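Structure first, then comments.
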Amino acid sequence: MLANSLTHIKRSGLTRREFMWLSSLAAAGYVFGCATDPVTGKKQFMLVSEDTEIQIDQQYSPLQFSTDYGSVQDSKLNRYVSQVGNKMAASSHRPHMPYSFRVVNATYINAYAFPGGSIAATRGIMLSLDNEAELAALLGHELGHVNARHSAEQMSKGQLTQAIAGGISVLAGTQSAALGDLAGQLGQISAGALLASYSRDNEREADALGMEYMVGAGYGSEGFVGLMDLLNSMSKHKTTSVDLLFATHPMSQERYDTAVQTANTKYKTALKGPLQRERYMDHTAGLRAKKGAIEEIQKGQKQMAQRKYDAAGGHFRKALKQAPNDYVALCMMSINNLAQKKYAVARQYAEMAQKSYPKEAQAYHLSGFSKIQLKDFEGAYEEFNAYESRLPGNPNIIFFKGYCQEGMEQIEPAANEYKRYLQVVQQGKFAQHAYKRLVDWGYIK
Ligand SMILES: [Zn+2]
C-alpha cells in the first residue's frame with residue numbers, strides 16, 4: 001500500500017525534496033491516500049491523515065504560542081474568546097476536532113490556526129477589533145481553514161514542510177526580521193516559521209465558512225463585513241505589525257467585496273443581527289488598559305527591525321512605565337540588550353520577565369543565551385533545563401544544552417546532546433557545529 005502511494009507521489013511530479021520529506025513521513029508510518037473533503041464532500045488528494053493533523057498541531061502549536069510569548073495571563077479574556085470560538089466549532093463541519101482558543105501576548109496583528117484546531121489571536125488584533133461579531137468572524141475564518149483542511153493541503157503540496165522537516169530554524173516573519181541574525185544565534189523559533197501560508201482560494205473558502213459559522217452562532221453578518229473592512233484598510237496602510245498576517249492570509253479588495261455581497265444576499269436576514277459591542281468592550285477592558293504600552297512595543301519592534309536599538313529601547317521603556325510587568329516588554333528589553341551585546345543587562349530583564357510569567361518558557365531561553373555569552377555555562381544549562389521542563393520539543397534547546405556542557409568540558413554528555421540534536425536537525429550553523437565536534441571528539445569517523 002505504502003509503496004504504491006509513494007510511487008503515485010513520484011509520478012505526481014513533486015520535487016525531490018518534497019518526495020524525500022514524504023518518504024520520511026512514510027518511513028515514520030503515516031499512510032497517505034485520498035480523503036473526503038469534510039466541507040464539500042468531494043474526494044481530495046490528501047497525504048495527511050486527521051491523526052497526523054492533530055499530532056502536528058500538538059507538537060508545534062505550543063512552540064508557536066511560546067514564540068508569541070504565551071497565552072495572556074488574563075484567564076477571563078481567554079475564557080471569553082474560547083466561548084465565542086467553541087460556540088461555532090460545535091456546529092462546524094468537523095465538530096469532533098480538539099479545538100482550543102486563546103489570546104497570545106504578541107503585539108503584532110495576527111490570528112492563526114494549527115491543523116488540529118489550536119487557534120490563537122494576538123493582543124494586537126484583539127485591540128483592533130470593535131465587537132464580538134468581528135471576533136466571531138475572525139475565529140470563524142480560522143475555523144474555516146481547519147475545517148477545509150487547508151494546512152493539510154499545504155502539507156500535501158510540500159509547502160509547509162520545510163520548516164518542520166528542516167528543524168524549524170527557518171527565518172520568516174515580522175518579529176524575526178526585527179532580530180535578524182540574532183534570531184539565528186538565539187535559536188528562537190521565528191514567528192511564522194510554523195504557520196501555513198494560504199492561497200487566495202483558501203482565503204475565499206475560509207471567508208465563506210467563517211461567515212456561515214458566525215451567522216449560525218447568531219451574530220449579525222455585518223460583523224464579518226466589519227472585519228473585512230478592518231483588514232482591507234490595514235492592508236492599504238501597511239505597517240510592519242501586519243506583515244505576517246497578510247503573508248499568511250492574503251488580503252484583497254475582492255475578499256471585502258464578496259463579504260459585502262454575501263452579507264447582503266445569502267445572509268440578508270442576519271445582516272442586522274447582534275454585534276455584541278458592549279460585551280466585547282467589557283471583556284477586553286483589561287487589555288485595552290494596556291493599549292498605550294502595546295503600541296509602544298509595536299513602535300519599538302519597528303525600530304529594532306531597522307537596527308535602531310537606542311530608539312527601540314526608548315519605546316520599550318515607555319511601555320514598561322505604563323505596564324511595569326508586561327512580559328513582552330521585558331523580553332523585548334532583554335532581546336534589545338542582547339542585540340547590543342549588553343549581556344548582563346539582557347540577563348536582568350530576562351529574569352524580570354521570568355518573574356512576571358513563571359510558567360512561560362521564552363524568558364528562560366533569553367536568560368540562558370545571556371549566560372552563555374557571559375561564559376556562565378553552568379547557569380545557562382539550568383536555564384535551558386527550566387525551559388525544557390516548561391516547553392519540551394524545541395530542538396534548539398537540545399543544541400544549547402550540549403553547547404553548555406561543552407563549555408563545562410563535559411565531553412560525553414555534550415556529545416550525547418549533539419547526537420540527539422543531529423537526529424532532529426541536519427542543516428544550519430548549529431548542526432555544523434555539532435557535527436564538527438562529534439568528528440573532533442572521535443564519535444563520528
Ligand atoms: Zn486565512
Side-chain angles (χ1 to χ4, degrees), residues 37-40 53 56-57 60-61 64 68 81 84-85 88-89 92-94 97 99 101-104 106 108-122 124-126 128-129 133-157 159-160 163 172-174 191-215 221 223-236 238 241-260 262-263:
D37 186 319
V39 173
T40 62
E53 284 180 282
I56 285 172
D57 185 316
Y60 293 106
S61 67
Q64 179 64 40
D68 285 332
V81 169
V84 173
M88 293 184 289
S92 69
H93 294 83
R94 302 173 87 189
M97 294 295 279
Y99 296 102
F101 302 85
R102 77 273 299 135
V103 177
V104 287
Y108 69 99
I109 294 166
N110 201 14
Y112 53 85
F114 277 82
S118 298
I119 292 173
T122 64
I125 201 159
M126 291 297 291
S128 312
L129 301 175
E134 289 184 6
L135 173 63
L138 180 75
L139 300 178
H141 174 96
E142 297 303 331
L143 281 168
H145 284 307
V146 178
N147 276 270
R149 306 191 68 194
H150 289 155
S151 291
E153 190 183 302
Q154 301 291 330
M155 281 186 261
S156 300
K157 291 180 191 158
Q159 284 165 356
L160 188 63
T174 325
L194 301 172
L195 303 180
S197 288
Y198 302 114
S199 68
R200 292 192 182 277
D201 277 343
N202 290 162
E203 286 309 287
R204 261 177 227 123
E205 194 175 18
D207 282 348
L209 288 168
M211 205 185 303
E212 180 184 331
Y213 296 153
M214 60 92 73
V215 168
S221 52
F224 203 95
V225 176
L227 175 69
M228 285 300 125
D229 193 25
L230 172 72
L231 296 181
N232 207 18
S233 71
M234 286 195 299
S235 76
K236 281 175 184 158
K238 269 200 172 168
S241 299
V242 295
D243 283 351
L244 189 59
L245 172 67
F246 295 125
T248 52
H249 301 273
M251 187 57 205
S252 61
Q253 182 66 35
E254 185 218 309
R255 282 181 66 191
Y256 172 78
D257 294 341
T258 305
V260 172
T262 315

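Both ligands and their constituent atoms are indexed starting at 1 by order of listing. Bear in mind the structure is a predicted one, so any value in this text is a computation, not a measurement.
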*From the Zn ion (ligand 1) out to just under 2.8 Å, does an N/O/S atom of H150 turn up?*
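False for H150.
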*Do E203 and H145 have side-chain atoms, one donor and one acceptor, less than 3.5 Å apart?*
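A pair is found: one side chain offers a donor N or O, the other an acceptor, under 3.5 Å apart.
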*asked:* To the nearest 0.5 Å, what is the distance between OG1 on T122 and CG on L245?
replied: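 The distance works out to 8.5 Å.
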*Taking all heavy atoms of D207 and all of R255, pick out the closest pair and write down the distance.*
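Answer, listing the atom of D207 first, then R255: OD2-NE, 2.7 Å.
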*Between L209 and A148, which heavy-atom pair has the shortest distance, and what is it?*
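Closest approach of L209 to A148: CD1-CB, 4.1 Å.
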*What N/O/S atom of H145 gets nearest to the Zn ion (ligand 1)?*
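Looking only at N, O and S atoms of H145, the one nearest the Zn ion (ligand 1) is named NE2.
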*Quick one: angle E203 OE1 - the Zn ion (ligand 1) - H249 ND1, to the nearest 10°?*
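Between OE1 of E203 and ND1 of H249, the angle at the Zn ion (ligand 1) is about 110°.
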